[in-house]
Student: 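There's a structure below that I have some questions on.
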Amino acid sequence: MSRTLTTAFLLFSVWLLWSGHTEPLFLAFGVVSVASVILIVRRMDRISGSERADWPRLGFFLYLPWLVWQILKSNIDVARIILSRDLPISPRLVRVTSSQKTPTGKVIHANSITLTPGTLSLDVRDGQILVHALTAESAEAVAAGEIDRRVTRIERGH
Amino acid sequence: MSVFIDILAWACLISGSVFCIIGAVGLLRMPNFWTRAHAAGMTDTMGAGLILLGLMLEAGLTLVTVKLLMVLVFLYLTGPTAGHALFRAAHAYGIPFGEVALENSNLAGRSDAAE
Amino acid sequence: MLSLTMFEVAMAGILVTMLIALIAAVRGPTVFDRLLAINMFGTKTVLLIAVAGFLMGRPEWLDLALVYVLVNFIGAIAVLKFVRFGNLGNDDHEASS
């Protein structure tokens, strides 16, 4: 119940910030939208089960600059590949271990892999992520499991 | 100072556009679906990120920057999620990988990855 | 003047990207190639709205961009759900491979 109230409060604050209107009509619209969102979310929770919402954590924000740096590096690599005349690609498939316990941790891991160009996450199951890599180098980089270690470290620390 | 920020915004917007166009060229040059997906991912991360960063620099510390940041956050959250749904659907449908080497085959006991 | 042309350049870049994405979408060959190109077209539309807002001096258009990101995402998921279940007819991904 308190979780629902927190969500409602957050949603309504964002709604106010976005609209900037305080007329009763617009406030009523806001209340109706917040109520419908909460109803839909509760309905979705019934299907998939809800995880305790203790994300995002401090460690996640410390992880972001490193991720941005990786995205930058791999973007330049892929751009170089596209612009070179002979298109030096050697696609391969790699299975990466994902040692995260929570669904959120797995989502962050898989999304990080997809966000860095040169590697795509195709399938997450049985504690492994199937990754399609554009080159041998990007395959080696993702197989080294640096992302996995960092995301698991965020997951463990509170 | 404002000239400095203008130059930085210029650099971000131009390099963002260049990354977008390179990604689009990659979409045309790459030989199959899986390799094309890498090029498309490039425009969504670097292209969108740099262009929105350039706009943020121009907007300064205002509500506009907060909204731009929200656009960026939503793009970075939804982009890979929609991408993953697309790749998983394509994988399940059996879009061929072409010539690929399967690495750490000791882990990859399943036949579905090799086809 | 300086700040005006920079948005025009970015807009031109985005429009070229969108044009190429459309060509890629028409070219295909598989439905997934088309979806990939259309998804890319959608995210570039978001950028186009944002840059256009600055170009025309109407930053409030960003609200439209924000909504477009979410609509684009839900649209992509909806189409994929249709493609996946329309062709495979089950929702058990363990059994589908």
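Chain letters run A, B, ... following the sequence lines, proteins first and then strands; every chain starts at 1. Remember, it's a predicted structure, so these values are computed and weren't measured experimentally.
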Student: For A:I71 versus B:T45, what's the shortest heavy-atom pair and its separation?
Tutor: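 So the minimum-distance heavy-atom pair works out to CG2-CB, 3.9 Å.
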
Student: Is a donor on one side and an acceptor on the other found under 3.5 Å between the side chain of B:H38 and the backbone of A:L120?
Tutor: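 Flag not set: sc B:H38 to bb A:L120 has no pair under 3.5 Å.
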
Student: Relative to chain A, which segment of B:M70 carries a heavy atom at a distance below 4.5 Å: side chain, backbone, both, or neither?
Tutor: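 Interface part for B:M70: side chain.
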
Student: Hey, could you give me the CG/CD1 distance between B:L28 and A:I82, rounded to the nearest 0.5 Å?
Tutor: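 So the gap between those two atoms works out to 10.5 Å.
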
Student: B:F87 and side chain to side chain contact (heavy atoms under 4.5 Å, CB included): which partner among A:L122, A:L130, A:D123?
Tutor: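 Only match with B:F87 under side chain to side chain contact (heavy atoms under 4.5 Å, CB included): A:L122.
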
Student: Looking at A:V124, is its backbone amide N or carbonyl O close enough to the side chain of B:R88 to form a donor-acceptor pair, meaning the two atoms are under 3.5 Å apart?
Tutor: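 Not confirmed, B:R88 side chain does not pair with A:V124 backbone.
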
Student: Let me know if A:A110 has heavy atoms under 4.5 Å from chain B in its side chain, its backbone, both or neither.
Tutor: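 Contact with chain B is absent: no heavy atom of A:A110 under 4.5 Å.
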
Student: Could you give the distance from CG (A:L17) to CG (B:L63), rounded to the nearest 0.5 Å?
Tutor: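 One gets 5.0 Å once the value is rounded to the nearest 0.5 Å.
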
Student: Contact part of A:T119 toward chain B, heavy-atom cut-off under 4.5 Å: side chain, backbone, both or neither?
Tutor: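 The backbone, not the side chain.
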
Student: Locate the shortest heavy-atom distance separating B:K67 from A:W18; write the atom from each residue and the value.
Tutor: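 Shortest heavy-atom contact: NZ-O, 3.8 Å.
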
Student: Can you give me the closest heavy-atom contact between A:H132 and B:T35, atom names plus distance?
Tutor: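 Here A:H132 and B:T35 meet closest at CE1-N, 4.4 Å.
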
Student: Find the one option among A:L134, A:V68, A:T114 whose heavy-atom pairs under 4.5 Å with chain B are most numerous.
Tutor: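 Ranked by contacts with chain B, first place is A:L134.
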
Student: Can you tell me how far the CD1 atom of A:I81 sits from the CZ atom of B:R29, to the nearest 0.5 Å?
Tutor: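 It comes to 11.0 Å.
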
